Amino acid sequence: MAEPGTPILVAVAWPYASGSRHLGHLAGAYLPADVFARYQRLAGNRVLMVSGSDVHGTPITVRADAEGVTPADIVDRYHAEFLDAWERLAISWDCYTSTGTDNHAAVTQDIFLRLLEKGHIDKRTSEQFYDAEADRFLPDRYIGGTCPHCGYLEARGDQCEDCGRTLDPGELVDPRSKITGATPELRATEHFYLRLSDFTESLGAWLDGREGWRRHVLNFSKGWVEEGLQDRAITRDLDWGVALPVDDLGEGKKIYVWFEAVIGYLSAAKEWAQRSGDPEAWREWWEGDDARSVYFIGKDNIPFHTIIWPAMLTGYGGLNLPTDVPANQYLTFKGGKASASRGVGLTIGEGLDLFEPDALRYALAASLPEQSDTDISVEEIARRVNEELVATWGNLVNRVLSMVNARCEGAVPEPGDRTADDVALLDGVDAALVTAGDQIDRVELRAALRTAMDAAAAVNAYLNATEPWKLAKTDLDRARVVLGTALDAVNGVRVAFGPYLPYSSAVLAEALGPVDAWRRPDLAVGRPVEKPTPLFAKVDVEALLAEGDGDAGA
RNA sequence: GGCGACGUAGCUCAGUUGGUGAGAGCGCCCGACUCAUAAUCGGGAGGUCGACAGUUCGAAUCUGUCCGUCGCUACCA
């Protein structure tokens, strides 16, 4: 556990602005990050939660060309869509920006120059396909041709979509430029390379020393290092991207997206600091010995965060490496990997159109793929909402507030003489908060949510055992002690649900008072308790499936 | 092909460094209750932990082989 006041950088995967993101991305990174950040703030730590839209890279230019618009048009469209989603989901960013800012370019160039200066970046010549008609070099994806393996005529330069094999453009039979149709020719071109091989030893030692990391993250990363790290080209023959801070290569070269996107974590922190009025404030998270940095990403991004980014930080010097990278596995939809482009699963927007935000957050948090891929469906989300969230927690709040309203003259009653059982209930709730807090701190978010749900179930059991509705007829004083105890228990359990359910938590804050720390708040005796309206609506599964378009719900 | 992961009750998943009779939620069956969104609470049935062969006093947990599913394979990020 971190000491209160610890600076914690909550670094969240940068959504790629090439298309809509889906519920798998939400469950993989944004939701767990938000839960973690909300908890750490309540625990008294200094959270800086950053991310932004990743706006560069070949897929975006490919899409722009296909639609006859500019890359900026594509990026603006999806950046706006992402912002809308975060708003609706109440993701609590401290800074959500994009890699398209001047600040990001400046930070990227600073890192590039430092690494160049220290010899971790060098220049090499290679042969690349060149389109003489268009007068430009062609990324692999801009080259088409016949697949040498299966004979498919429309294979891409990087992969044949028919047989699925990965390709080198040089392997294509009868290669053609996708821009002009011309036959491309090989020409020498110069590019900068990041010398990852410089870091094989230091990264290996660093990874060996990691404790508490998820096994699959560590295994995967160590495997990469053991295979031997290969130097990678960090520039491309593109005009869409961050400009090089040196002119050695001439026109038409840009820093490529995989190198600069991870720098966003640092540039966003600096942007936040500038906006906060103290431009140096970012150092607390990046240079402090006591600072933690936790990167929330999907497993497809592991090497970028456990190898490449740490290598860049090591080479740059003076900046903290990741404390933990609790990468999630995949959320699958009826067995298939979610993919917005292939129409598998729901986009975030579609999810929000079908479910209220807290309901969606609950169902996904209860299904987070923390250890292994987790399968989900619209029916499964609805089941989680109806059978768990509404039945156990929503109903508990409703029954307790209803009874307090009816039996305690519509106000929080005096605690009165509590029995050992009454005290035990509240002790159990307090213990659950400690347990859930530890679990969230270790990024075991499913387990922590289960802890909260178990605590709610314990309050339900307490009510069934004490039967205050009967007591109200025979011993009203005792009934009020019981109801006051149950209300206090709910008052504590809501804290545990808080990081997961911001909307309903805000409703409860109206009713019971604010939560300003990770503990059961004091209940003000005499505070009015009105007849409640349900916190969550039950989902009509039949109507949902009928109304949602059939395959989207897959 | 190479690398990595997974295969545990009907469903979705947990099971630290191998060790008291294998777990949870939901579903199902029985019972209690009726304050509450027909919600809640208690009890129960249900699994040869993918298959086979090993290591071990002892394996879901380690090793090997096989079957099945999936991801990655570095110009998708």
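Source: prediction; values computed, not measured. By convention in this document, chain letters (A, B, ...) are assigned in the order of the sequence lines, proteins followed by strands, and residues within each chain are numbered from 1.
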The dot-bracket string of RNA chain B, counting Watson-Crick and G-U wobble pairs with both distances under 3.5 Å, using [ ] for crossing pairs and | for pairs to another strand, is (((((((..((((.....[...)))).(((((.......))))).....(((((..]....))))))))))))....
Let's see if you can work this out: which of [options] has an atom nearest to the side-chain heavy atoms of [X]?
| X | options | answer |
| --- | --- | --- |
| T374(A) | C13(B), G25(B), G71(B) | C13(B) |
| N219(A) | A5(B), C41(B), A77(B) | A5(B) |
| W469(A) | U34(B), C75(B), A36(B) | U34(B) |
| E388(A) | C33(B), G25(B), C41(B) | G25(B) |
| E380(A) | A14(B), A77(B), U12(B) | U12(B) |

Please verify the inter-ring angle class for F199(A) with H120(A); under 30° counts as parallel, over 60° as perpendicular, anything in between as tilted. tilted
Under the 3.5 Å rule, do the base of [N] and the side chain of [X] count as making a donor-acceptor pair?
| X | N | answer |
| --- | --- | --- |
| N395(A) | A39(B) | no |
| N464(A) | U40(B) | yes |
| Q128(A) | C75(B) | yes |

Taking the basic N atoms (NZ, or NE/NH1/NH2) and the acidic carboxylate oxygens, is any pair closer than 4.0 Å for E388(A) and R384(A)?
yes
task = Could you measure between the two P atoms, the one in U40(B) and the one in G1(B), and give it in whole Å?
result =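 To the nearest whole Å, 50 Å.
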| message | Between G46(B) and G23(B), how many Å separate the two P atoms, rounded to a whole number? | response |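 Result for the P pair: 13 Å, nearest Å.
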Show me the donor-acceptor pairs, under 3.5 Å and distance only, between side chains in residues 389-397 of chain A and residues at least two apart or in other chains.
none

With no hydrogens and no angle check, just 3.5 Å: does a side-chain donor-acceptor pair link Y78(A) and R63(A)?
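Yes, a side-chain donor-acceptor pair sits under 3.5 Å.
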Determine the sole option in D237(A), T235(A), V242(A), T58(A) for which the side chain to side chain contact (heavy atoms under 4.5 Å, CB included) test with Y256(A) is passed.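 Among the candidates, only T58(A) passes.
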Heavy atoms only, 4.0 Å cut-off, all strands: where does R407(A) land among base, sugar-phosphate and nothing?
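Contact class for R407(A): none.
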*asked:* Can a donor-acceptor pair be found, under 3.5 Å and without considering hydrogens, that links the side chain of Q329(A) to the backbone of E370(A)?
replied: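 A pair under 3.5 Å: no.
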